[in-house]
Amino acid sequence: VNMKLNVFDSAGIRRYAASVVRRNRTKALLAVLLATGIDLAVQIVLASMGVTGSADQSPVVSLLANLVVLLVSAPLTYGLYELFLHMVHGQSGSVGDILKWYADGTKLKASVWGQLWFTLLGFCWLMLYMFPAAMVGGFFFSYTGGFVLMYLIILVAMIFGVAEFIMYIPGAFMLAEDPERSVTECFSAARQAMKPYRWQFFGFYMLYILQVIAMIIPFIVVMVLVPMSALLSSLLSLIAAAVACLVVMPRLHMGCICYYHAVFDLEVAHPDEPCEPFTM
């Protein structure tokens, strides 16, 4: 038995997403842990080799390093989306299915181009708002000397840029469902469908981000108030990021996927349906 979500009921969508995560708790946590762990391990290896994190690194080496990160992270991200889509539909799926995006040429190509296009869209929208805001803010600062007004103008511009950018998120889910579709077609369709719900979705998305920030704040307070070595501080930062990631990220991804289903009037599995057995 399937059902549809009400796009105007953001709280209901969040509750349904949380219920899907709870019913697939082990699978969801392991999937996020796998995707995040592999991506983090690659970045640590590159940093330890001196390829990233160095200001005097050549542009060619930096470009190659970013390409490696993209080739690793994109299939993991889209594989995670596909698995979460299966959960929403009440279908079977295993954590190991995420890695299949490396082996399938069509999926690998779609994920890399999708991730690249999504990143480019985000950069362009942010620059479209931030560049004029920085100029206007600088103008006011030069005449009034007011830091607050300048930062306020830039903050408002950033909010508008992010609101435009995140409207493309459902395009990634469309591509994860059908990797043979055109990348630009998926993200264009996502933007057109999300336009009427731009600020509603912005609030929906930011609530998850605030949850991440709320979970990290206690760790930051401890690091500020308690004297500790650089190693211990780095370890605590890593633990804070891991806790926030494992607790909030499954619900964030699932929430966005459920919102996508509500906007496009797609069916989801009834919450009373039996959960698929866990498989690796």
Side-chain angles (χ1 to χ4, degrees), residues 7-8 10 13-14 39 43 52 55 59 62-63 66-67 69-70 73-74 77-78 81 111-176 182-214 216-217 220 241 244-245 248-249 251-253 255-260 262-264:
V7 70
F8 296 105
S10 296
I13 295 175
R14 281 194 295 271
D39 187 28
Q43 297 199 42
T52 59
S62 297
L63 178 62
N66 290 328
L67 181 60
V69 172
L70 175 66
S73 66
T77 300
Y78 278 79
Y81 291 160
S111 65
V112 171
W113 281 115
Q115 192 86 328
L116 192 60
W117 186 243
F118 181 66
T119 303
L120 180 62
L121 288 170
F123 175 79
C124 290
W125 276 111
L126 285 174
M127 287 300 101
L128 183 64
Y129 281 95
M130 294 290 289
F131 185 70
M135 294 183 63
V136 173
F139 173 79
F140 278 105
F141 174 72
S142 63
Y143 278 91
T144 64
F147 276 105
V148 176
L149 180 59
M150 180 180 70
Y151 287 134
L152 182 61
I153 292 173
I154 294 175
L155 176 62
V156 170
M158 184 173 66
I159 290 174
F160 273 88
V162 171
E164 293 283 355
F165 169 43
I166 62 176
M167 285 198 295
Y168 291 101
I169 289 178
F173 307 144
M174 297 167 66
L175 196 59
S182 165
V183 172
T184 54
E185 175 190 323
C186 287
F187 286 102
S188 295
R191 174 174 171 76
Q192 289 301 317
M194 292 291 289
K195 271 185 178 180
Y197 315 104
R198 172 173 54 181
W199 292 110
Q200 180 180 318
F201 182 60
F202 177 80
F204 179 88
Y205 190 87
M206 285 300 114
L207 185 60
Y208 288 108
I209 302 302
L210 289 175
Q211 291 175 9
V212 173
I213 295 173
I216 294 177
I217 286 177
I220 296 176
C245 176
V248 180
M249 293 310 291
R251 288 187 287 135
L252 170 61
H253 292 315
C256 291
I257 288 174
C258 291
Y259 202 97
Y260 151 66
V263 170
F264 283 82

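Note that this is a predicted model, so its numbers are computed, not measured.
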Next on the checklist: Nearest 0.5 Å, please: how far is CD1 in Ile154 from CD1 in Ile159?
Outcome noted: 12.5 Å

Item to check | Sequence neighbours excluded, every pair satisfying side chain to side chain donor-acceptor pair (under 3.5 Å) that has a member inside residues 113-122 | outcome: none

Next on the checklist: Checking Phe123 now: which residues fulfil ring-ring contact (aromatic ring centres under 6.0 Å, His included) with it, not counting sequence neighbours?
Outcome noted: none

Item to check | Residue pairs passing the salt bridge (charged side-chain N to carboxylate O under 4.0 Å, His left out) test where at least one lies in residues 115-127, sequence neighbours excluded | outcome: none

Checklist outcome for this item: Contacts of Cys258 meeting side chain to side chain contact (heavy atoms under 4.5 Å, CB included) (sequence neighbours excluded), chain-then-number -> Leu5, Ile13, Tyr16, Ala17, Val88, Met254

Item to check | From CG (Leu155) to CZ (Phe160), nearest 0.5 Å | outcome: 11.0 Å

Item to check | salt bridge (charged side-chain N to carboxylate O under 4.0 Å, His left out) partners of residues 119-135, not counting sequence neighbours, each pair once | outcome: none

Next on the checklist: Once side-chain hydrogen bond (donor to acceptor under 3.5 Å, both in side chains) is applied, do any residues pair with Tyr81, and if so which ones, sequence neighbours excluded?
Outcome noted: none

Please table the atom pairs, donor to acceptor, closer than 3.5 Å between any side-chain atom in residues 199-213 and protein atoms at least two apart or in another chain.
| residue | atom | partner | partner atom | Å |
| --- | --- | --- | --- | --- |
| Gln200 | NE2 | Val7 | O | 2.4 |
| Gln200 | NE2 | Tyr259 | OH | 2.9 |
| Gln211 | OE1 | Arg251 | NH1 | 3.4 |

Item to check | For Ser188, all residues meeting side chain to side chain contact (heavy atoms under 4.5 Å, CB included), sequence neighbours excluded | outcome: none

Checklist outcome for this item: Residue pairs passing the salt bridge (charged side-chain N to carboxylate O under 4.0 Å, His left out) test with at least one member in residues 149-158, sequence neighbours excluded, are none

Checklist entry - To the nearest 0.5 Å, how far apart are CZ in Phe118 and OG in Ser111? => result 14.0 Å

Scan the side chains in residues 161-169 for donor-acceptor partners under 3.5 Å anywhere in the protein, sequence neighbours excluded, and list what turns up.
| residue | atom | partner | partner atom | Å |
| --- | --- | --- | --- | --- |
| Glu164 | OE1 | Arg191 | NH1 | 2.8 |
| Glu164 | OE1 | Arg191 | NH2 | 3.2 |
| Glu164 | OE2 | Tyr129 | OH | 3.3 |
| Glu164 | OE2 | Arg198 | NH1 | 2.4 |
| Tyr168 | OH | Trp125 | NE1 | 3.1 |

